[in-house]
Structure formats: structure tokens, C-alpha cells
Asker: 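Before we start, here is the structure in question, set down as C-alpha cells.
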Amino acid sequence: MRSGFSQHGRRAGRGSGRGGGARPWLLALLLLGTPAQVCEPASAQALDRAPAIAMRGTPDLPATFAALPYADPNAPKGGHLDLSLLGTFDSLNPFIVKGSAPLIMRNYVIESLMARSLDEPFTLYPLLAQSVTSDAERSFVAFALNPAAHFSDGSPVTADDVLFSFTLMRDMGRPNHRLYYGKIARAEAPDTHTVRFTFTEPDPELPLIMGLMPVFKKASIDRDRFEETTLTPLTGSGPYRVGAVDAGASVTLERNPDYWGRTVPFNRGLYNFDRIRFFYFRDANTEFEAFKKGLIDARFETDPGRWETGYDFPAARSGDVVKELIPTGTPKPYSAFVFNTRRPLFADRRVRQALIELFDFEWLDKNFYHGLYRRTASFFEGSVLSSSGVPADARERALLDPYPDAVVPEVLAGTFRPPVSDGSGRDRERLKSALQLLDKAGWMLRQGALVNRETGRPFAFEIMVATREQERLALAYQSQLKRAGIAALVRYVDAVQFDARRSAYEFDMMPFAWSQSLSPGNEQAFYFGSAAADTPGSRNYMGAKSPAIDAAIAALLAARDEDEYVSAARALDRVLVSGAYGVPLFHTPGQWLARWTRIERPQRASLYGTLPETWWRVPGK
């Protein structure tokens with residue numbers, strides 16, 4: 001059977017979705033340090049060695065595919081690409097908790113055993129590994145390395161490098177890696193070009209997770225100092241090597257002329273530039289001015305006001321700069337002002353719901369965003385996995401029955417939508433509803449200020465932001481909260497401090513967006529699982545500790561057919577929405593891309609939209 005999606009992202013009989021990030025992605029109940037039990041296959045009969053592997057069903061592309069459908073294998077090579085990023089960096093190692101590092105090191109410099117197609121829910125194709133083997137239960141996975149694979153210094157990629165990378169990430173990597181790889185009972189190398197991982201228990205997703213493991217050159221890594229921030233580049237096997245580095249300001253990647261994988265089918269039409277420079281800017285206005293002057297070749301716009309009115313400059317009027325709205329086919333990111341429920345102030349769901357009532361999206365969208373945004377109501381918005389508008393089916397109800405208080409009735413019925421205001425900015429009904437909830441939670445208005453009925457303590461908290469756009473939105477929300485007597489302080493911090501405080505959960509409220517794929521799995525526990533709530537560096541920023549969430553994630557991982565999988569995802573969505581863990585914000589209808597016409601892209605985009613690695617420079621421009 002097929003994976004359930006065509007190459008254009010449509011699930012038979014279900015419609016299409018939109019979604020999360022363009023990069024790949026734990027059962028958190030398995031705590032670090034739990035003694036490993038070896039899970040031997042129930043049968044010694046393994047599946048035939050295969051060139052690709054899908055989470056469910058079979059890969060869309062045949063073994064003989066020539067290139068990815070969203071890449072142009074005839075794209076011209078050469079030239080340079082200049083892109084921009086907001087913030088700064090103090091490290092070139094994105095695989096550790098410390099520091100702030102460019103995520104571009106992944107794929108461009110450091111490769112994995114297999115590569116993820118962004119045109120399918122979750123399918124991997126050959127890269128460093130030329131084939132993959134598992135059994136029907138998926139109790140183990142084995143990879144046969146491509147004998148041609150070598151690092152940028154010319155040394156071969158061996159099984160020893162892979163096993164070293166595994167132990168390094170398991171012991172010293174980011175929390176998600178530690179949790180993923182903690183589920184490996186035994187790692188071994190039968191020969192110099194084969195690695196095998198045996199799991200503590202069968203897991204349908206773990207073979208793919210291991211396929212996405214970053215692979216480092218063992219001899220280039222000082223294990224004792226790996227967890228320290230550094231501007232010394234890592235040695236990888238990818239198409240680029242790190243060139244010039246201006247600390248905190250820019251990173252240049254230079255094509256490796258001896259890149260081993262340039263003829264691998266997955267890479268045909270990708271990585272077309274000889275040089276890619278990433279310039280860091282402290283604020284979006286400066287970044288945009290650099291683009292207008294032609295110093296930056298292309299940018300993904302995030303500001304609807306700028307998208308609507310800011311592109312009236314000479315190069316745009318002459319056609320040298322073009323604007324494009326590119327449809328996508330995966331769940332919309334769930335963007336929110338996140339409550340830190342570890343703080344006593346936000347421990348009561350009624351308080352959180354009251355603050356959601358006070359957010360006037362209709363007024364903001366009209367006055368700030370030219371009406372271009374859509375309100376987000378689901379963690380899997382716009383996809384078949386969303387519970388929005390769909391009543392819970394029998395499977396969902398059976399899964400949620402042991403947790404009767406975990407899902408509110410309207411969410412269970414599929415009728416829930418975020419509060420809708422009259423768009424005036426002073427909706428009395430929304431204010432009344434919020435004050436009623438706060439009153440039930442023990443808060444009352446006294447001389448215009450909201451105070452705790454028993455202690456007299458004022459209702460006050462801080463909203464931490466890292467960009468001017470976030471600050472503008474937070475200040476607007478601050479004024480809406482003030483109508484209920486709530487004192488919200490908007491705190492603007494730099495990107496490094498923001499990352500550090502976020503990773504340590506040292507905030508009251510902050511903006512964040514969870515990006516989801518069409519195949520959510522182990523990473524959901526890293527995002528929302530109870531164990532992750534106490535793990536620094538996880539993405540459970542809200543501090544959710546819910547047995548219902550854990551049960552839904554477990555059901556998601558255990559699902560054996562598509563109907564079970566969709567029901568488990570919707571059940572998870574219902575619990576998260578019911579928990580009111582953040583003030584839901586909004587999403588765009590697709591990608592907003594602006595580019596100078598010296599940069600061209602394939603007509604056909606992936607499910608995740610267009611990707612810089614598929615672009616090329618027009619010869620002569």
C-alpha cells in the first residue's frame with residue numbers, strides 16, 4: 001500500500017494539509033538512565049534490504065528515481081546566494097544545548113544516514129547509507145553504508161564513525177537526541193560498512209529516527225570538549241564546508257568540489273550554489289533594507305504589513321524583485337503566547353482561559369495585519385490530523401475515557417473555536433467572560449487593578465520577546481490585558497538571552513510556534529510529554545504534565561493503520577487545545593517569498609513549500 005499521500009500532498013478521500021518546519025524531528029516515558037532491555041526480533045526473518053523506508057505504507061518514489069519531484073536535476077550550478085537570518089550566534093555546533101548556533105550546519109555540512117523527502121509524510125531515501133533493513137515489528141534497524149561516502153577531508157565514512165556519532169549524541173547531544181537514542185539497547189558494526197541498532201522495544205518510527213542521525217568524523221571530535229560552544233567548524237560529509245565566519249554576524253558555506261554525494265539521486269538538483277552566505281541582523285527592518293538594496297537575494301516575509309505595503313520600491317516596480325505566495329501542504333505551525341504553567345500564576349486553567357478571552361484577534365488582524373492572517377485553532381491546523389470541526393470518533397473517545405476532565409465538551413464535539421470578538425478592540429462580552437473566569441479562580445478587580453482575593457497580590461507577569469515584531473504584538477496584547485486590570489510587562493531581550501531563558505524555562509509568557517509534520521511521532525513527547533516538562537532544552541515550554549497527553553502520544557506511536565493513527569493524533573490535539581496552554585495566535589495562508597529575479601526556483605514546490613537548497617542563480621546575473 002502507498003503512504004496515503006500523492007506527491008502533491010493529497011490524502012485519498014481526506015483532503016490536504018499544511019505544515020510545520022522543513023527539517024526533520026520519544027516516548028518521554030522512557031526516562032534517561034533506565035536499564036536497557038534488548039528487544040530481539042520475534043522472528044529471525046528480516047524484511048528484504050530496501051533502498052528507502054516509510055513510516056507507514058511504502059515510499060512514493062521507485063528505487064530507480066532520478067531526482068526528487070520538487071528539484072530540477074537540470075538546474076545550473078555556480079554563483080552565490082546571500083540570505084539573511086534574525087538574531088546572532090556564538091557557536092557552530094547546533095547539536096548541543098549550550099550556545100546559539102546556525103541550524104544550517106545540518107544537511108549542508110553534516111549529513112545523516114538517510115535523507116527525508118519533504119513531499120511525503122515521513123519517508124527516507126538513501127544518502128550516507130545506500131540501503132536499510134528492518135523486521136516487520138521494527139525491533140531493529142540496520143544500515144549498509146555507501147562505500148563512496150567520505151568526509152570533506154577525503155577520509156571515508158565508516159561504521160565506526162556512525163557508532164561514535166550515536167554514543168556522542170546519546171550522551172552529550174540535545175535532549176531530543178538523548179531521549180531518542182536512549183531507546184537503543186545495542187549498537188554494533190558487523191563490518192566496516194554496516195551498522196545495526198537493536199531497540200529496547202519495537203518502535204515503528206525509531207528506524208527512521210536513526211536514519212536521520214547526524215554523522216560526525218570520529219577522529220575530528222574532542223569528546224571531552226564537545227559540549228562547549230565553539231566557532232571551530234565541525235568536519236562533515238555534506239555538500240558544503242564552512243568558510244569565512246564573522247562571529248555573530250555572518251557564516252559562509254563553500255561548496256566542496258569533491259563532494260562524494262553529488263550524483264546521489266536524492267541530491268540531483270539540490271545545492272546548486274558555489275557559495276552561500278548567511279548574514280545575521282538584529283532587527284527585521286535592517287534586514288529588509290539590506291534586501292531592498294540587493295545585498296540579500298531572497299527572503300521569506302513574516303510581516304503582513306510589510307508584505308502588503310512595503311514592497312513598493314524601484315526594484316519591485318521594475319520587476320527585478322518578485323513576490324510570490326507559495327501554497328504548502330502540511331499542518332500550519334501552532335503559534336501562541338505560551339504560558340509557563342510551572343509558574344503558580346498560570347497553574348489554573350481558568351486563568352489561562354481568561355487571558356485567551358482577552359486576546360482580540362479580529363481587531364489586531366484588521367488594524368495590524370491587513371486582514372491577511374487566519375486564526376489558529378489546532379496544533380495540526382489545516383490537515384487531516386486536526387480535531388477542529390470534527391467530532392471525536394469511537395477510537396478517540398475510548399482513548400480519552402480514562403481522563404474525563406482532559407477534554408472540554410466543545411472540543412470533544414469538534415465545535416470549539418478560539419473566542420471571536422466584535423473587532424472593536426473593546427468587546428465588553430469578552431471582557432465580562434474573562435472576569436467571570438478570573439473571579440472563579442480567586443481574582444477580583446479592586447480600584448482598577450486585578451488582585452488575588454485572599455492575599456491582595458496584584459495579577460502581574462512578564463512577556464519575554466526577542467524581535468520588534470513580537471514586541472509590537474505583545475504591547476498590543478498588553479493594552480488588552482490592562483482592561484481587565486492585569487499588569488503585563490513586555491521584556492525585550494537579545495536572541496542569545498532569549499534562547500538561554502527559554503531553554504531553562506525562565507519566563508512567564510513568550511511567543512513560540514510548534515511546527516508539525518504530516519507524520520508526528522516520537523517528537524511529540526519531546527514537545528508535550530510529562531517527562532520533557534522537567535528536561536531543560538525540551539520544547540515542552542508550557543510545562544504540561546498530563547497523563548492524557550502521554551496516553552495519546554503512546555497511542556500515536558502504537559498505531560498500526562491509518563485510521564488508528566489519525567484518531568490518536570486528533571485525541572492529542574483535543575487534549576492540548578483543552579489545556580489552554582497558550583494564547584493561540586494566527587498563521588499565513590502559505591509562504592510569502594520575495595526574491596530578486598537573479599535567483600530562480602523550480603515551479604513545483606514541496607509539501608513544505610519552496611526550499612533554498614532547490615534554488616539556483618540565473619547564469620549571467
Side-chain angles (χ1 to χ4, degrees), residues 17 19-20 25-29 331-342 346-353 355-356 359 375-392 396-397 399-400 402-419 509-533 538-557 559 565-587:
W25 354 91
L26 294 176
L27 189 55
L29 301 178
K332 307 292 187 295
Y334 185 84
S335 179
F337 278 130
V338 183
F339 298 107
N340 186 352
T341 65
R342 301 170 188 85
F346 295 136
D348 192 318
R349 183 192 178 279
R350 293 169 298 186
V351 169
R352 303 195 298 270
Q353 185 60 47
L355 269 64
I356 293 172
F359 185 82
R375 190 76 188 272
T376 306
S378 163
F379 280 76
F380 303 102
E381 182 79 26
S383 78
V384 69
L385 305 178
S386 172
S387 65
S388 182
V390 183
E396 292 179 69
R397 291 178 182 275
L399 176 58
L400 297 170
Y403 316 101
D405 298 325
V407 179
V408 298
E410 57 267 32
V411 174
L412 195 67
T415 59
F416 169 81
R417 297 297 299 174
M509 175 184 280
M510 66 160 193
F512 185 74
W514 285 272
S515 293
Q516 300 282 9
S517 74
L518 287 167
S519 185
N522 281 288
E523 80 283 354
Q524 300 304 301
F526 181 65
Y527 295 170
F528 311 119
S530 296
S538 84
R539 291 187 186 173
N540 188 345
Y541 296 122
M542 68 276 277
K545 288 186 176 182
S546 165
I549 290 176
D550 295 335
I553 294 171
L556 190 72
L557 299 178
Y565 184 79
V566 170
S567 293
R570 288 178 178 171
L572 174 61
D573 191 33
R574 293 184 204 279
V575 180
L576 290 170
V577 171
S578 297
Y581 292 113
V583 179
L585 299 179
F586 31 75
H587 57 268

Asker: What pairs with S335 under side-chain contact (heavy atoms from CB on, under 4.5 Å), at least two apart in sequence or on another chain?
Answerer: A513, L585
Asker: Within the 4.5 Å heavy-atom criterion, are L400 and L412 side-chain neighbours or not?
Answerer: yes
Asker: Who are the salt bridge (charged side-chain N to carboxylate O under 4.0 Å, His left out) partners of R397, not counting sequence neighbours?
Answerer: none
Asker: Tell me every residue that passes ring pair (Phe, Tyr, Trp, His ring centres under 6.0 Å) with F337, counting only those two or more places apart in sequence or in another chain.
Answerer: Y477
Asker: Name all residues meeting the side-chain contact (heavy atoms from CB on, under 4.5 Å) criterion together with A559; count only those two or more places apart in sequence or in a different chain, and write none if there are none.
Answerer: E564, Y565
Asker: Are side-chain heavy atoms of L572 and I549 found at a separation under 4.5 Å?
Answerer: yes
Asker: For residues T341 and R352, is any side-chain donor paired with an opposing acceptor at under 3.5 Å?
Answerer: no
Asker: Verify whether the ring centers belonging to F528 and F379 lie closer than 6.0 Å.
Answerer: yes
Asker: For R417, is there any backbone N or O sitting under 3.5 Å from a side-chain donor or acceptor partner on R375?
Answerer: no
Asker: Can you tell me how far apart OG (S386) and CD (Q516) are? Round to the nearest 0.5 Å.
Answerer: 11.0 Å
Asker: Relative to each other, are the rings of Y541 and W514 parallel, tilted or perpendicular (30° and 60° limits)?
Answerer: tilted
Asker: Quick one, I356 and P584 - any side-chain contact, counting heavy atoms below 4.5 Å?
Answerer: yes
Asker: Answer yes or no: is there a donor N or O on one side and an acceptor on the other, between the side chain of S530 and the main chain of S546, under 3.5 Å?
Answerer: yes
Asker: Listed by chain and number, what are the side-chain contact (heavy atoms from CB on, under 4.5 Å) partners of T376, not counting sequence neighbours?
Answerer: Y334, E381, H587
Asker: Going by heavy atoms in the side chains, are V338 and Y581 under 4.5 Å from each other?
Answerer: no
Asker: Go through F512 and R539 one step at a time and tell me if the side chain to side chain contact (heavy atoms under 4.5 Å, CB included) criterion holds.
Answerer: CA-CA 10 Å; F512 185 74; R539 291 187 186 173; 4.2 Å; yes
Asker: With A568, which residues qualify under side-chain contact (heavy atoms from CB on, under 4.5 Å), at least two apart?
Answerer: A555, L556
Asker: So do the side chains of V566 and E396 get within less than 4.5 Å of each other, counting heavy atoms only?
Answerer: no
